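Each remark here refers to the structure printed beneath this line.
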Amino acid sequence: MSRRSITLLLLTAGLALALLQTTYSQAPAFDLVIRNGRIVDGTGSPWYLADVGVKGDTIAAVRPRLDAGSARVIDARGQVVSPGFIDVHAHVEAGDEGQDMVGSPAAENNVRQGVTTVIGAPDGGGSVQVGAYLAKVTAAKPAINVGSFIGHGAVRGAVVGQANRPATPDELDKMRELVRTGMREGAFGLSTGLFYVPGNYAPLEEVIELAKVAGQFGGIHQSHMREEGAHVLDSVRETIAIGEKGGLPTQVTHHKIIGKANWGKSVETLRLIDEARARGVDATIDQYPYTASSTSIQGGLLPQWAQAGGREAMLKGLQDETTRGKVLAAIANSIENDRGGGDPANVVLAACAWDPSLAGKSLAQVLRDRGRPVTIQRAAELVVEIVEKGGCSAIYHAISEDDLIRIMKHPSTMIASDAAPGVPAFGKNVPHPRAYGTFARVLGVYVREKQVLTLEDAVRKMAGFPAARLGLLDRGVLRPGMKADVVVFDPATVKDTATFEKPHQYAVGVSAVVVNGQVALENSKMTGVRGGVAIKRNAQ
Ligand SMILES: [Zn+2]
């Protein structure tokens, strides 16, 4: 052996020794170990017993009897350990009190339900500047992960304004460019709110053209449909057509059947979804577990044509006696047969900036307070007065439990909150309880009490399924290599406590929440640690 090869041999041996030493002197294998829990992994598979080892922001191991070493340990004995829940319809844009995820990054309402990721700008809303929005999210260091859609209504508003007409070819090009930019900046797809102004003014063809752009980037389409009452079947057909002709997955968001006369139609809407899927259209559904909806009183009850041209034009229109008469008739019809649930008592004001004392009162109650007869006609007049004063958000009790359960059981339905704009200003106003309760309510009421879903299927609908839908391939399932978004909850006690009367109450039964390996909740107490990040489509 030459001197040279001996030197080489020694060098190689030295290098091997050094490598060996590095391996043994490395930091412990895990930073955090969640012990003894029942793993419900998010795929729908039955639970199994294992420990979860977390290193940095990643799940490093899922197997029994992990050696925790000096790692932080959370004991989950008797509890379920699942992937963090993903909310694909969350209004994290600014709300009634101006609050949003950027200004209120603690997101306690989400964390206490086990929600670790929210996707904003649903219903066609949000900002057209997705990149700038996500940069603000990053700077705000939220407790949970935040992503965004690019909203069709926002795009149309920026290019066509509030005009009630189809876009010109030039305007359509400009809208395409905004959608393209939004997708490039990380949007998960195109959201539409064809029920709302100005999205309502768009014909189907326009939406298909913009959906094609989102589809080219691998995005999805999510729709607050044009109509959820008497014409709900047409709306589901339209939503399917956007996916089929736009060449992208399409989702009926917060699927429900509004108005007593229409109850039961979910049998047919679900059949339409099944038929679409059978012929290869990737159509899915999301839903919140409540029999009441919530939106602004103007958006919910005023006919869209009366809102054309913006607020000034609308108010001017209402001064005209004939127009006002037509508007009143349309609102009365809505209260009778649609969102009003057939009774002014079924429309409850949630927040009115111009008179906070109205929050929590139904239209019937306000009429009584003012010494007026409680009739649908008088309620319609009150709605116009409210709109003229500046509007309110409201809650509409007009959904049947049978439809809700039928939709929830469908294998293509996932859970999403549709939580009111902003994060709830704790204790202020009387908003829909879904911002506090959605995910815990599914586990408490629809898994444990009513046994509508198995625990494993519910977790699939709240984690693995929405993650797959978004193309979020490193979250939603508990498996080594995935981002460490983990929830620990007691299946015997987890439940929502927020009610329509008292919505400002956090869910209970969730004991620990981990976001990107950071512990946000431990022993059912908020730690104040904010480990969330802005997430982008296909950026993982
Ligand atoms: Zn909506």
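On a predicted model such as this, the values are computed, not experimentally measured, just so you know. First listed ligand is number 1; within each ligand, the first listed atom is number 1. What you see below is based on every heavy atom in this structure, not just the backbone, and it leaves out hydrogens, waters and symmetry mates.
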May I ask you to check whether D123 brings an N, O or S atom to under 2.8 Å from the Zn ion (ligand 1)?
-> yes
Do you know which N/O/S atom name in H254 is closest to the Zn ion (ligand 1)?
-> NE2
Name the one of H432, H254, H224 that satisfies side chain to side chain contact (heavy atoms under 4.5 Å, CB included) with D418?
-> H254
The Zn ion (ligand 1) -> H224, closest N, O or S atom is ND1
Centroid-to-centroid, Y436 to Y506, below 6.0 Å?
-> yes
Pairing of K174 and E171 as salt bridge, 4.0 angstrom limit | no
Thinking salt bridges, do R271 and E275 make one under a 4.0 Å N-O criterion?
-> yes
Tell me, please, if H89 has any N/O/S atom, main chain or side chain, under 2.8 Å from the Zn ion (ligand 1)?
-> no
